[in-house]
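Heads up: the structure comes next, in structure tokens.
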Amino acid sequence: MNNKFYITTPLYYVNAAPHIGHSYTCIAADCLSRYYRNLGHKVHFLTGTDEHGQKIQRAAEAQGLEPKVFADKAVSVFKGLWETLNISYDDFIRTTESRHEKAVQKVLEILYKKGELYEHVYQGWYCTPCETFWSESQIQAGNCPDCKRPVEKIEEKNYFFKLSKYQDWLIDHIKSHQDFIFPPSRREEVLRFLELNKLSDLCISRPKERLSWGIPLPFSPNHVTYVWFDALINYISAVGSFDKNDKYQSEWWPADLHLIGKDILRQHAVYWPIMLKALDIQPPKTIFAHGWWMIDSSKMSKSRGNVVNPIEMVDKFGVDVYRYFLLRDVPFGMDGNFSEDAIIKRQNGDLANDLGNLVYRTLTMIEKYFQGEITNVEINLKNKQAKEIEEKINALDSMIKTNMGEKDYNFSLALEPIWELINLANKYIEDTKPWNLAKENKTGELKEFIAVLVKVIRKTADAIYPFMPFTSEAIKQQVGKDNISKGKPLFPRIE
RNA sequence: CGCGGGGUGGAGCAGACUGGUAGCUCGUCAGGCUCAUAACCUGAAGGUCGGACGUUCAAAUCGUCCCCCCGCAACCA
């Protein structure tokens, strides 16, 4: 089982429609999943939805729906999007499924038995209209920071998880596992946070009278589970179970990669490993926090009204162009600027001019000079460029691999050598001047030359598969193993 | 001094750890070619690397200080 690859996305919170940020994580996870499947790894790609908590309860009430019905609707929207985006997940988990709820309750039971949870009367400030609890430091002159109305001091009995107990362990773990948190800047951020702050224990329950939409605590029916504590457990509830001795059994765990957005790094890099530690379960191997897509250099948010709907982008540009843009335009981990102009640049430049046109011009030559027949050609070309191309083809896989998890996860860099190969081929055509070879009737040389191009195109089709599955297939249909038949241009230019 | 990230030709970025002719993509301009989706190829212009001081034979790169931009600052995602 050492070539298994268990990869996850966060569970998306169903209180709002999916935006490009959600699609980004899934596309990245899909790309890696396809890549590792092609390498012959056993891949398990998990995604899903987070459906409990106050925001859902309220959003559902606002529509006059039961929370579960509300969530069902949201789930179908997410699933529909993943289908459109060609996301090849192996499992989709919902936090309202019984397999998950049972696991959460089991976890709570185990931790309770082990003394990792304790009761504590909590004091704080409550804003009744907002139904929100605020800490001493959050309230502003006795008022709710949200609605500015007065808050009242209340006492509440809750259950707390002993996060603080494991702080030193976590610091050690991060220090001794270089690849635990990626990219390195995020690793530093978490480490600095842990070194400079004392963790306080995590309140993992909510009284039912305040919030009913959640998983009940098995040892206290008047409380439900705090949503993050509930949601994180999905990563193990989906792929295993606890045996009689409370030992977790799974063929997939530990996860090889948790892909997340930078906004939920703390939950994943602090709460989650400590929860696992307390359960005596191994931590995940790698947590990768990617950046955000900015719209006109500002944060995408509902209040700004600048949220981009992925479906609209797909309708406009097509799935593969959209996927390519997200994976290519920004080094994975950094924030990026999203704009239609930027997508158009990628489509016209990289896809239409470089890749699409290479395929098209090559196929035209095959039709024009060889009536579409170019089989069993032995390549004996000794010129420098043909050799250079040959070397590039041979080195390509390992160059891609480096940035697909071997040293780093960087889709942008993984794609670069593919385009270097494409550009090399375009230059080769220019320098060889095949139209002259045709005029001079140097048929043999011309044939070998075109065979080199065909080889480049086939290699490219294989290499881009994880990033643009449809395009990879479309190229193979035109320049397949046995058949060569020119089709329409792969990517029309957008003027 | 709360923490972290960043300020490099018109735009977006790399380089900074291990100082030594500032690189890439797009855009602009000029030329070449015709197999090709006005695509492709070649060449050129354009930067005192946020500011100041310092270390050094030499600093985008190291040190100190300052300015500006962006996140985060913990329990309800």
Side-chain angles (χ1 to χ4, degrees), chain A residues 10-16 50-57 122 124 131-135 137-138 158 160-161 163 184-186 188-190 192-193 195-206 210-211 214 224-232 262-267 270-271 291-292 294 297-299 328-331 334-337 339 341-342 345-346 348-369 412-413 416 419 423 425-438 446 450 453 486 488-495:
Chain A
L11 293 196
Y12 305 111
Y13 204 56
V14 294
N15 66 332
D50 181 5
E51 306 179 11
H52 290 125
Q54 194 166 52
K55 284 192 181 173
I56 307 294
Q57 190 175 345
Y122 187 66
E131 296 180 42
T132 303
F133 217 62
W134 302 105
S135 70
S137 59
Q138 285 174 308
N158 267 314
F160 284 74
F161 170 55
L163 265 193
S185 56
R186 297 290 165 206
E188 291 306 312
E189 193 181 311
V190 173
R192 204 65 60 95
F193 167 75
E195 284 170 345
L196 294 178
N197 297 278
K198 174 120 185 56
L199 284 177
S200 47
D201 291 341
L202 184 67
C203 178
I204 56 120
S205 68
R206 299 291 179 267
R210 208 145 64 66
L211 172 68
V224 298
T225 312
Y226 165 49
V227 276
W228 265 112
F229 194 87
D230 162 359
L232 287 165
K262 65 176 185 179
D263 48 331
I264 51 175
L265 179 60
R266 185 162 304 165
Q267 288 84 346
V270 180
Y271 301 169
W292 280 347
M294 316 289 274
S297 303
S298 65
K299 212 166 139 178
R328 174 62 240 249
D329 212 51
V330 158
M334 308 265 288
D335 289 350
N337 277 307
S339 73
D341 281 352
K345 263 186 187 166
R346 287 293 177 189
N348 283 347
D350 301 0
L351 298 177
N353 297 350
D354 297 342
L355 171 58
N357 190 47
L358 172 66
V359 173
Y360 199 73
R361 70 199 298 203
T362 301
L363 285 166
T364 303
M365 284 190 266
I366 295 171
E367 280 189 346
K368 204 163 201 165
Y369 302 139
S412 185
L413 285 183
E416 246 169 45
W419 260 259
N423 292 334
N426 275 325
K427 279 191 186 73
Y428 186 39
I429 296 174
E430 213 56 41
D431 295 344
T432 306
K433 301 187 182 18
W435 47 94
N436 285 345
L437 294 180
L446 182 58
I450 290 179
L453 299 182
K486 189 166 126 181
K488 280 186 190 156
L490 295 165
F491 302 99
R493 279 184 60 88
I494 298 173
E495 302 308 333

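Nucleotides of RNA chain B nearest to A:K55 and A:K262 differ in position, and the one nearer the 5' end is that of A:K262.
Not counting sequence neighbours, A:K345 has no partner by the side-chain hydrogen bond (donor to acceptor under 3.5 Å, both in side chains) test. Every side-chain contact (heavy atoms from CB on, under 4.5 Å) that A:V224 has, sequence neighbours left out, goes to A:R206, A:K208, A:L211. The side-chain hydrogen bond (donor to acceptor under 3.5 Å, both in side chains) test applied to A:T362 returns no partner, not counting sequence neighbours. Here A:D230 pairs with A:H52, A:H100 under the side-chain hydrogen bond (donor to acceptor under 3.5 Å, both in side chains) rule; sequence neighbours left out. A search for side-chain contact (heavy atoms from CB on, under 4.5 Å) contacts involving A:K486 returns A:Y360, A:L363, A:T364, A:E367, not counting sequence neighbours. In this structure A:D350 satisfies the side-chain contact (heavy atoms from CB on, under 4.5 Å) test together with A:Y324, A:R328, A:R346, A:D354, A:W419, sequence neighbours excluded. Scanning for side-chain contact (heavy atoms from CB on, under 4.5 Å) contacts around A:A231 gives A:D50, with sequence neighbours left out. Residues forming a side-chain hydrogen bond (donor to acceptor under 3.5 Å, both in side chains) with A:D201 (at least two apart in sequence, or on another chain): A:Y118, A:S164.
Between A:V330 and A:D335, every side-chain heavy-atom pair lies at or beyond the 4.5 Å cut-off. Looking only at side-chain heavy atoms (C-beta outward), A:R493 and A:N353 come within less than 4.5 Å of each other.
Distance noted for atom C1' between B:G54 and B:C41: 49 Å (whole Å). Across B:U25 and B:G9, the matching C1' atoms stand 14 Å from one another, rounded to whole Å. Of the P atoms belonging to B:C57 and B:G19, the separation is 15 Å, rounded to the nearest Å. For the P atom pair drawn from B:G46 and B:C13, the interatomic distance equals 24 Å after rounding to whole Å. Taking atom C1' on both B:U28 and B:C66, the two are 36 Å apart, rounded to the nearest angstrom. Using P as the reference atom, B:A30 and B:A45 are 15 Å apart when rounded to the nearest Å. Going from the C1' atom of B:A16 to that of B:A74 covers 33 Å, rounded to whole Å. Across the C1' atoms, B:A38 and B:U21 are found 38 Å apart, a figure rounded to whole Å.
Going from atom CD1 of A:I450 over to atom C1' of B:A36 covers 12 Å, rounded to whole Å. Counting to the nearest Å, the P atom of B:A74 and the CZ atom of A:F160 are 15 Å from each other. Taking atom CG on A:L351 and atom P on B:U37, their separation rounds to 17 Å, with Å as the unit. To the nearest angstrom, P of B:G32 lies 13 Å from NZ of A:K433. Distance A:L355 CG to B:A36 P: 18 Å, rounded to the nearest Å. For the pair A:F193 CZ and B:G71 C1', the computed distance is 15 Å after rounding to whole Å.
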Can you pull every protein N or O that's under 3.5 Å from an N or O on nucleotides 4-14 of chain B?
residue : atom : partner : partner atom : Å
B:G4    : OP1  : A:R192  : NH1          : 2.4

Please write out each protein N/O paired with an N/O of nucleotides 39-41 of chain B under 3.5 Å, distance rounded to 0.1 Å.
residue : atom : partner : partner atom : Å
B:A39   : OP1  : A:R493  : NH2          : 3.2
B:A39   : O2'  : A:N357  : ND2          : 2.9
B:C40   : O2'  : A:R361  : NH1          : 3.3
B:C40   : O2'  : A:E430  : OE1          : 3.1
B:C40   : O2   : A:E430  : OE1          : 3.2
B:C40   : O2   : A:E430  : OE2          : 3.4

Validation: residues 427-437 of chain A side-chain donor-acceptor distances under 3.5 Å, sequence neighbours left out:
residue : atom : partner : partner atom : Å
A:Y428  : OH   : A:N383  : ND2          : 3.4
A:D431  : OD2  : A:Q385  : NE2          : 2.8
A:T432  : OG1  : A:Y428  : O            : 2.7

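Counting non-hydrogen atoms under 4.0 angstrom, A:S200 reaches a base of the nucleic acid. Nucleic acid contact class of A:Y360 (heavy atoms, under 4.0 Å, all strands): base. No contact: A:L211 has no heavy atom under 4.0 Å from any strand. Using a 4.0 Å heavy-atom distance criterion, A:L363 is classed as making no nucleic acid contact. Contacts of A:I264 with the nucleic acid, taken as non-hydrogen atoms under 4.0 Å apart, include base atoms. Within the 4.0 angstrom heavy-atom criterion, no nucleotide atom of any strand lies near A:P434. A:K488 comes within 4.0 angstrom of no nucleic acid atom, judged by non-hydrogen atoms across all strands.
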remark   = Dot-bracket assigned to RNA chain B with the 3.5 Å Watson-Crick/G-U criterion, [ ] for crossing and | for other-strand pairs, is .(((((((.[[[[.)....(..]]]].(((((.......))))).....[[[[[..)....]]]]])))))).....
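In terms of heavy atoms, A:Y369 sits closest to A:A438 at CE2-CB, 3.5 Å. The nearest pair of heavy atoms linking A:K262 to A:G291 is CD-CA, 4.4 Å.
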